Amino acid sequence: MPEGHTIHRLAQDYAAAFAGTAPRVTSPQGKFGDAAALLDRTLLHTADAHGKHLFLGFRDPDPDHTDWVHIHLGLFGKVAFGTPPAPPPADTVRLRLAGDTAYVDLRGPTTCALITPAEKRAIHARLGPDPLRPDADPDAAYARVRRSRTPVAALLMDQKVIAGVGNVYRAEVLFRHRIDPYRPGRDITPAEWDALWTDLVELMREGVRNNRIDTVRPEHTPEAMGRPPRVDDHGGEVYVYRRANLPCHVCGGEIRTAGLAARNLFWCPDCQKD
DNA sequence: CGACAATGAAAAA
DNA sequence: TTTTCCTTGTCGC
């Protein structure tokens with residue numbers, strides 16, 4: 001269940017469970033077997049996240065010599081933490097860390113690979129600023145947005161432009177700012193970008209805290225409006241994501257959906273008109 | 001650009 | 001049994 005907030009939360013959780021320890025490292029499914037053997041019972045000293053990329057720092061804390069495990073969940077990679085005793089691992093578990101107080105299983109990731117510090121730097125270099133990283137520079141993202149004719153909804157999904165935003169946050173943040181998802185990036189004003197970025201920082205931080213995405217303002221919550229809470233396996237309260245053909249919480253109009261940048265886009269044509 | 005493949009699991013049909 | 005999914009690299013036109 002991967003959008004930037006999930007990955008940052010995972011970095012926190014991996015660190016809380018294993019930082020400063022030397023867990024058993026195995027790859028029951030096999031694809032990561034050689035690397036796992038190399039890292040088995042070595043120090044896990046840190047966990048880092050940039051956008052949807054997760055990095056576990058093993059063996060040597062010296063930044064020039066750290067062994068990094070690079071993880072990308074892709075569309076349906078999953079991570080499951082548990083307390084010992086760990087069950088016999090199913091053969092879909094790509095990576096298992098197991099210590100005295102916790103174990104964690106990784107299944108179905110697009111990427112799980114041992115990389116060098118130089119390779120890690122290269123990954124950071126090709127990613128745009130991440131609203132969840134304190135060093136992020138929103139102006140660097142806007143510089144790309146303002147010279148592109150691509151729809152803003154596609155730019156928000158482009159990890160080179162801004163890292164960590166996925167299909168939920170893009171739809172929701174555009175709704176919250178009443179921006180037509182098809183508006184070209186070059187027509188986004190500096191003030192609008194500033195507001196979008198600030199909002200993403202807040203929404204995604206809350207996403208990390210709660211481990212789910214909620215975007216509905218207090219005045220539009222189910223309690224405030226006397227409607228039943230959302231029934232959806234994604235959990236959070238949202239305005240438009242996966243609400244095709246349902247009434248808009250604000251204007252009552254019908255939420256629409258369409259393909260954009262290879263994903264399903266959701267928006268309210270009445271509220272999001274330029 | 002669009003199509004497609006790659007990983008798993010769970011819901012929908 | 002098929003579809004769907006909070007992703008993204010690659011390949012073809």
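Side chains included, hydrogens not; waters and symmetry mates left out as well; all remaining heavy atoms used. Every chain is numbered from 1, with letters handed out A, B, ... down the list of sequences. Quick caveat: nothing in here was measured; it's all calculated off a predicted structure.
If you measure from atom CG of A:Leu73 to atom C1' of B:dA9, you get 14 Å, rounded to the nearest angstrom. Rounded to whole angstrom, the span from the NE2 atom of A:His5 across to the C1' atom of C:dT7 amounts to 14 Å. In this entry the distance linking CG of A:Leu156 with C1' of C:dT7 reads 16 Å, nearest Å. Taking atom CZ on A:Phe32 and atom P on B:dA6, their separation rounds to 22 Å, with Å as the unit. In this entry the distance linking NE2 of A:His53 with P of C:dT7 reads 11 Å, nearest Å. Atom pair A:Leu106:CG and B:dG8:C1' shows a separation of 11 Å (rounding to whole Å applied).
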Identify each donor-acceptor pair in which a side-chain atom of residues 32-39 of chain A lies under 3.5 Å from a protein atom, sequence neighbours left out, and give them as a table.
none

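Here, C:dC5 and B:dA13 have their P atoms 12 Å apart, quoted to the whole Å. Nucleotides C:dC11 and B:dT7 are separated by 15 Å at their P atoms, to the nearest Å. Annotation: C:dC13 and B:dA5 have their P atoms spaced 15 Å apart (nearest Å).
For the segment residues 109-126 of chain A, the set of residues with a heavy atom within less than 4.0 Å of an atom of DNA chain B comprises A:Thr110, in numerical order. Against DNA chain B, the stretch residues 87-98 of chain A makes heavy-atom approaches under 4.0 Å through A:Thr92, A:Arg94.
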Item to check | Pairing string, 5' to 3', for DNA chain B - Watson-Crick or wobble contacts under 3.5 Å, brackets [ ] where pairs cross, | to another strand | outcome: ||||||.|||||.
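Across all strands shown, A:Lys160 has no heavy atoms under 4.0 Å from either base or sugar-phosphate atoms.
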Checklist entry - Could you go step by step and tell me if A:Arg212 and A:Glu3 meet the salt bridge (charged side-chain N to carboxylate O under 4.0 Å, His left out) rule? => result CA-CA 10 Å; A:Arg212 62 179 232 177; A:Glu3 225 164 292; over 6 Å; no
Item to check | salt bridge (charged side-chain N to carboxylate O under 4.0 Å, His left out) between A:Asp270 and A:Arg178, intermediate numbers included | outcome: CA-CA 9 Å; A:Asp270 294 324; A:Arg178 303 292 186 267; over 6 Å; no
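One finds no side-chain N or O of A:Gln159 lying less than 4.0 angstrom from the OP1 or OP2 phosphate oxygen of C:dT7. Within the structure, a side-chain polar atom (N or O) of A:Gln29 is placed less than 4.0 Å from OP1 or OP2 of B:dG8. When the side-chain nitrogen and oxygen atoms of A:Arg107 are compared with OP1 and OP2 of B:dA9, one or more of them lie within a distance under 4.0 Å.
Between the side chains of A:Gln29 and A:Arg94, at least one donor-acceptor pair of N or O atoms lies under 3.5 Å. Using modelled atom types and a 3.5 Å distance limit, the side chains of A:Thr92 and A:Arg107 yield a donor-acceptor pair. Side-chain contact check for A:Asn211 and A:His5: no donor-acceptor pair (N or O, by modelled atom type) lies under 3.5 Å.
Contact detail for A:Pro23 and A:Thr21: the closest heavy-atom pair is CD-O, 3.3 Å. For the residue pair A:Pro269 and A:Arg256, the shortest heavy atom distance occurs at CG-CD, 3.3 Å. Closest heavy-atom contact between A:Leu73 and A:Pro2: CB-CB, 4.0 Å. When all heavy atoms of A:Gly185 and A:Leu155 are compared, the pair lying nearest together is CA-CD1, 3.6 Å.
Note: A:His50 and A:Phe55 fail the aromatic proximity criterion, with ring centroids not under 6.0 Å apart. Residues A:Tyr182 and A:Trp267 place their aromatic rings such that the two centres sit under 6.0 Å apart. Aromatic ring centres of A:Tyr14 and A:Phe81 lie closer together than 6.0 Å. With ring centers used as reference points, A:His220 lies under 6.0 Å from A:Tyr239.
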Under 3.5 Å, which N/O atoms of the protein pair with N/O atoms of nucleotides 11-13 of chain C?
none

When you compare the protein's N or O atoms with those of nucleotides 2-5 of chain C, which come within less than 3.5 Å of each other, and at what distance?
unit_1	atom_1	unit_2	atom_2	d
C:dC5	OP2	A:Asn264	ND2	3.2
C:dC5	O3'	A:Tyr241	OH	3.4

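Using a 4.5 Å heavy-atom cutoff, the side chains of A:Leu114 and A:Phe58 are not in contact.
Just one residue in the list A:Arg176, A:Glu206, A:Glu172, A:Glu237 forms a side chain to side chain donor-acceptor pair (under 3.5 Å) with A:Thr215, and that residue is A:Glu172.
A cation-pi arrangement, defined by a distance under 6.0 Å to the six-membered ring centre and an angle within 45 degrees of its axis, is absent between A:Arg243 and A:Tyr241.
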